[in-house]
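This report refers to the structure that appears directly beneath it.
Here is how names work: the chains are called A, B, and so on, in the same order as the sequence lines, proteins then strands, and each is numbered from 1.
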Number of protein chains: 2
Amino acid sequence: MENLSSKQEQVLKFLVDFNAEHGFPPTIRELCHYFGFKSLNTAHFHLRSLEKKGYIQVHPGKGRGITLPGARPLSERQIPVVGRIAAGMPILALENIEDFLGIDKGFFGAETTFAVQVRGDSMKDAHIQDGDYVIIKIQDQAEKGDIVAALIDDEVTLKYFYRTKNQIRLESANPKYPPLIFRKGDPRSFRILGIMIGLVRKR
Amino acid sequence: MENLSSKQEQVLKFLVDFNAEHGFPPTIRELCHYFGFKSLNTAHFHLRSLEKKGYIQVHPGKGRGITLPGARPLSERQIPVVGRIAAGMPILALENIEDFLGIDKGFFGAETTFAVQVRGDSMKDAHIQDGDYVIIKIQDQAEKGDIVAALIDDEVTLKYFYRTKNQIRLESANPKYPPLIFRKGDPRSFRILGIMIGLVRKR
DNA sequence: TGACAAATAGAACATTTGTTCTATACCATG
DNA sequence: CATGGTATAGAACAAATGTTCTATTTGTCA
């Protein structure tokens with residue numbers, strides 16, 4: 001992105017601050033007033049410069065029609081909670097999404113993430129409780145020892161991942177549950193959805 | 001807060017969505033258009049109702065002058081991470097705040113919250129790991145069995161809380177650590193900061 | 001020095017946007 | 001049945017806001 005002059009930076013900062021405080025952007029006149037400009041055109045000019053450099057979006061003719069970066073639809077900002085995944089569906093198909101967590105994507109350090117709510121105590125030795133939301137970074141590869149979300153038939157499971165030459169082993173973090181072993185030709189469909197990068201617990 | 005009629009809820013949702021998508025609130029006419037209202041007054045009326053019930057703020061005379069609930073400066077929206085607490089300081093004094101978690105206050109169901117990052121394994125049987133952020137709702141009372149954040153001298157500690165007639169007992173969730181007992185006249189200063197209502201783990 | 005971008009001023013004008021007043025209809029509740 | 005909250009329509013008007021055009025100043029860079 002092109003660099004900003006110091007004045008332009010000040011203007012951008014004002015826009016961001018104003019927006020954070022009021023919930024809507026300032027008018028051109030408010031901008032003028034804040035900086036003591038005596039001409040509307042001065043403010044207008046700065047807005048156009050900022051737009052040309054890609055820092056903001058100006059919507060001609062609309063009052064307070066300024067879009068600042070970071071303004072995206074809620075559904076693109078929050079982490080979706082995925083329930084049962086219909087066979088063949090992409091993970092993030094709307095049909096699979098039960099809810100959203102009020103947490104910015106990116107908070108956990110990855111943009112393509114989803115969450116699953118854990119049921120049962122099969123991961124208790126990894127300090128994952130019944131009801132916890134586990135944050136999964138979407139990727140189809142995993143390293144040994146990763147906690148992965150895997151899709152077995154149309155069920156999402158959370159397990160430790162291990163692989164040897166000719167088999168994949170999924171282990172629970174609870175000795176009560178036996179490991180799941182997949183060899184070539186296993187009739188169950190199997191797919192890695194992603195690896196665990198975080199956890200959220202309410203209560 | 002007063003309850004909303006279903007129509008009012010729809011309007012509020014539209015306001016929130018519109019704002020998230022564009023970065024500024026809609027005009028009354030845009031509201032009309034979206035819902036197919038044929039009179040400006042219909043939209044105007046809904047805005048006033050929502051304001052009366054405390055869900056939004058309308059700024060008379062200002063174009064797109066609607067402030068939605070989540071519109072506050074970042075520092076007022078995010079959960080502060082508190083480190084060491086200087087003696088006598090209020091918990092949320094700036095001096096005590098190390099960082100912010102990119103999570104809306106209120107996500108965990110309480111407005112006055114803070115987070116502490118857990119060190120050590122003293123709460124491991126409660127499925128709380130070294131490095132986890134524990135979300136604390138600020139209050140100076142606790143019930144037996146609550147996990148509380150307590151200030152002992154100027155150190156923040158996380159423990160199970162129990163009290164009997166004449167003593168307070170703080171237990172770890174790890175048999176390795178002995179309980180802490182407070183009786184009247186204990187030379188250490190003691191204060192409950194709040195109770196645990198959530199947890200966030202990265203990695 | 002000439003060219004050019006950044007910054008600013010002033011003013012007229014066109015649009016967009018909010019306000020207010022008057023009415024009507026429906027529904028629940030006492 | 002009267003009352004009050006919710007929901008809606010229509011219209012005239014007032015205020016807020018964006019647009020555009022013309023100029024001037026200043027500093028940088030070739």
Side-chain angles (χ1 to χ4, degrees), chain A residues 1-69 71, chain B residues 1-69 71:
Chain A
M1 210 134 47
E2 251 184 286
N3 279 336
L4 294 179
S5 72
S6 93
K7 197 75 192 188
Q8 288 169 346
E9 232 171 279
Q10 287 173 49
V11 172
L12 183 58
K13 179 173 176 353
F14 171 70
L15 293 180
V16 171
D17 288 351
F18 188 102
N19 203 275
E21 186 173 344
H22 298 92
F24 46 82
T27 64
I28 289 185
R29 280 175 180 81
E30 283 162 347
L31 220 176
C32 273
H33 186 257
Y34 178 83
F35 285 99
F37 299 149
K38 288 177 187 153
S39 165
L40 293 179
N41 193 33
T42 303
H44 198 265
F45 170 82
H46 282 303
L47 290 184
R48 294 303 182 181
S49 308
L50 284 172
E51 181 172 42
K52 210 173 302 170
K53 294 186 178 178
Y55 286 81
I56 64 174
Q57 235 179 303
V58 177
H59 305 266
K62 301 195 168 176
R64 303 180 190 277
I66 302 171
T67 302
L68 297 171
Chain B
M1 206 131 52
E2 254 183 285
N3 279 335
L4 294 179
S5 72
S6 92
K7 196 77 193 187
Q8 288 169 347
E9 230 171 280
Q10 287 173 47
V11 172
L12 182 58
K13 178 172 174 0
F14 171 70
L15 294 180
V16 171
D17 289 350
F18 187 102
N19 202 274
E21 186 173 342
H22 299 90
F24 46 83
T27 64
I28 289 185
R29 281 174 178 82
E30 284 162 345
L31 221 176
C32 274
H33 186 257
Y34 178 83
F35 285 99
F37 298 149
K38 289 178 185 151
S39 166
L40 292 179
N41 193 34
T42 304
H44 198 264
F45 170 82
H46 283 302
L47 291 183
R48 295 302 181 182
S49 307
L50 284 172
E51 182 172 42
K52 211 173 302 169
K53 294 187 176 178
Y55 285 82
I56 64 174
Q57 234 179 303
V58 177
H59 305 266
K62 300 195 169 176
R64 302 179 190 276
I66 302 171
T67 302
L68 297 172

Pair B:Leu31-B:Leu47, side chain to side chain contact (heavy atoms under 4.5 Å, CB included): steps then yes or no: CA-CA 10 Å; B:Leu31 221 176; B:Leu47 291 183; 3.8 Å; yes
Any side-chain N or O of [X] below 4.0 angstrom from OP1/OP2 of [N]?
| X | N | answer |
| --- | --- | --- |
| A:His44 | D:dG18 | no |
| A:Lys7 | D:dT26 | no |
| A:Arg64 | D:dT17 | yes |

Trace of the side chain to side chain contact (heavy atoms under 4.5 Å, CB included) decision for A:Gln8 with A:Lys53: CA-CA 10 Å; A:Gln8 288 169 346; A:Lys53 294 186 178 178; 2.9 Å; yes
[X] [atom1] to [N] [atom2], straight-line distance once rounded to whole Å:
| X | N | atom1 | atom2 | result |
| --- | --- | --- | --- | --- |
| B:Phe24 | D:dA16 | CZ | P | 20 Å |
| A:Leu47 | C:dA6 | CG | P | 15 Å |
| B:His33 | C:dT17 | NE2 | P | 13 Å |
| B:Leu31 | D:dT8 | CG | P | 11 Å |
| B:Gln10 | D:dA7 | CD | P | 9 Å |
| B:Ile28 | D:dT8 | CD1 | P | 15 Å |
| B:Arg29 | D:dA16 | CZ | P | 15 Å |
| A:Arg48 | C:dA5 | CZ | P | 18 Å |

Side-chain donor or acceptor of A:His44 paired with backbone N/O of A:Leu40 under 3.5 Å: no
Ring centres under 6.0 angstrom apart (A:Phe14, A:Phe35): yes
Upstream residue (5' side of DNA chain D) when B:Gly36 and B:Gly63 are each assigned their closest nucleotide: B:Gly36
[X], nearest nucleotide to its side chain (from [options]):
| X | options | answer |
| --- | --- | --- |
| A:Leu40 | C:dA12, D:dA9, C:dA9 | C:dA12 |
| A:Thr42 | C:dA9, C:dA6, C:dT20 | C:dA9 |
| B:Ser39 | C:dG10, D:dG10, D:dT8 | D:dG10 |
| A:Lys62 | D:dT8, C:dT17, C:dA7 | C:dT17 |
| B:Phe37 | D:dA9, C:dT8, D:dA7 | D:dA9 |
| B:Asn41 | D:dT20, D:dA9, D:dT19 | D:dA9 |
| A:Lys38 | D:dA7, C:dG10, D:dT19 | C:dG10 |
| B:Gln8 | D:dT19, D:dA7, D:dT17 | D:dA7 |

Close side-chain approach of B:Glu21 and B:Asp17, heavy atoms under 4.5 Å: no
